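All chains are named by letter (A, B, ...) in the order of the sequence lines, taking the proteins before the strands, and each is independently numbered beginning at 1. Given the structure is predicted, the values throughout are model-derived calculations rather than measurements.
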2 protein chains.
Amino acid sequence: MSKVPQSSSVTDAPLDEGQAGEMAHVLAALADPVRLRMLSFIAARHEVCSCDLEAPLERSQPTVSHHTKVLADAGLIIGEKRGRWTWWRLDPDRLAAVRRALGG
Amino acid sequence: MSKVPQSSSVTDAPLDEGQAGEMAHVLAALADPVRLRMLSFIAARHEVCSCDLEAPLERSQPTVSHHTKVLADAGLIIGEKRGRWTWWRLDPDRLAAVRRALGG
DNA sequence: ACTATAGATCGATGATTGTCAATCTATAAT
DNA sequence: ATTATAGATTGACAATCATCGATCTATAGT
């Protein structure tokens, strides 16, 4: 039998530092109210450009850009540049993976 | 029909600031490698006292106490004092609620 | 009473983080 | 070419946080 990379869950077994570090990284991206709302806005429609996020989030353009970067680095959203705009969409698989990592 | 308090998920609909704040609070408790390992240790056995966490986590007693408090304040673990020891156990419902809040 | 132990709390410190103004880059429109 | 716009980057600042030594509280054992 070949070894399959086993993504571990918190309730499964004691986590080692590597697993805990990776999980903490994604969870940290989620652990901010502005980013959670941002994520929910992006999930609501199928694509959202950065410029449409400033008003509902009541944050400046650099702050919005900062938060999209954090979510994208965590793999939770995917950005595509088209013309002057960057369009963001959710990566549902990534969110599902986080859910799984939280046991269940 | 009576209104049932609807705990919202990120992928459901745009979150308001209140919902996002609550979710961020619990997620922040999870977004730390030491606390994630702590949680996995507690989940592994059914009850763990604080003193048994210092060695595997390689952290001082005050640091361990700090982290147990953060997890307890977030409702993820429940502590019970018996004699000189505080025994910690997982609250599985709370963790399930977080999973649900992450869409699903 | 005295000693030892579990753990909470306080205070300090270094690191990380959310925020914005200013600037820079790139694309589109005239 | 010039102008306007989307958004990334930089730098600065205040706030939050993880960590630990020292101290305090409470319980158990002798």
List the atom pairs, with distances to 0.1 Å, where a side-chain N or O of residues 46-59 of chain A and a protein N or O form a donor-acceptor pair under 3.5 Å, not counting sequence neighbours.
{"unit_1": "E47(A)", "atom_1": "OE1", "unit_2": "R82(A)", "atom_2": "NH2", "d": "3.0"}
{"unit_1": "S50(A)", "atom_1": "OG", "unit_2": "W88(A)", "atom_2": "NE1", "d": "2.8"}
{"unit_1": "R59(A)", "atom_1": "NH1", "unit_2": "L57(A)", "atom_2": "O", "d": "3.1"}

For residues 89-98 of chain A, dump all side-chain donor-acceptor pairs below 3.5 Å to protein atoms at least two apart in sequence or in another chain.
{"unit_1": "D91(A)", "atom_1": "OD1", "unit_2": "D93(A)", "atom_2": "N", "d": "3.1"}
{"unit_1": "D91(A)", "atom_1": "OD1", "unit_2": "R94(A)", "atom_2": "N", "d": "3.4"}
{"unit_1": "R94(A)", "atom_1": "NE", "unit_2": "A74(A)", "atom_2": "O", "d": "2.8"}
{"unit_1": "R94(A)", "atom_1": "NH2", "unit_2": "A74(A)", "atom_2": "O", "d": "3.1"}

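In the helix from dA1(C)-dT30(D) to dT30(C)-dA1(D), the end axes, each obtained as the rotation axis mapping the C1' atoms of four pairs onto the next four within a five-pair block, lie 20° apart to the nearest 10 degrees.
Look at CZ on R37(B): it is 12 Å from P on dT19(D), rounded to the nearest Å. When rounded to the nearest whole Å, the span between CD of E80(B) and P of dT27(D) equals 14 Å. Rounded to an integer number of Å, the gap from CG of L27(B) to C1' of dC17(D) is 17 Å. Summarising the geometry, the separation between CG on D73(B) and C1' on dA18(D) is reported as 16 Å, rounded to the nearest angstrom. At whole-Å resolution of the value, CD in E17(A) and P in dA18(D) are 16 Å apart.
For T68(A), there are no side-chain hydrogen bond (donor to acceptor under 3.5 Å, both in side chains) partners two or more places apart in sequence or in a different chain. Residues satisfying the side-chain hydrogen bond (donor to acceptor under 3.5 Å, both in side chains) test with T63(A), not counting sequence neighbours, are S60(A). For R37(B), there are no side-chain hydrogen bond (donor to acceptor under 3.5 Å, both in side chains) partners two or more places apart in sequence or in a different chain. S9(B) meets the side-chain hydrogen bond (donor to acceptor under 3.5 Å, both in side chains) test with T11(B); sequence neighbours excluded. Listed by chain and number, the residues in a side-chain contact (heavy atoms from CB on, under 4.5 Å) with A28(B) are A31(A) (sequence neighbours excluded).
Between L30(B) and L102(A) the shortest heavy-atom distance is CD1-CD2, 4.3 Å.
Listed by residue number, the members of residues 40-55 of chain A with any heavy atom below 4.0 angstrom from DNA chain C form an empty set.
Residue pairs satisfying the side chain to side chain donor-acceptor pair (under 3.5 Å) criterion with at least one member in residues 12-28 of chain A, sequence neighbours excluded, are listed as follows: S8(A)-Q19(A). Pairs passing the salt bridge (charged side-chain N to carboxylate O under 4.0 Å, His left out) check and including a residue from residues 69-78 of chain B, sequence neighbours excluded, read K69(B)-D73(B).
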Check your understanding: Tell me, for nucleotides 14-30 of chain C in 5' to 3' order, what letter each nucleotide earns: B for a base near a protein heavy atom under 4.0 Å, S for only sugar-phosphate near one, - for neither?
Key -> ----SBBBB----BS--
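Counting any heavy atom pair closer than 4.0 Å across all strands shown, S65(A) reaches a base atom.
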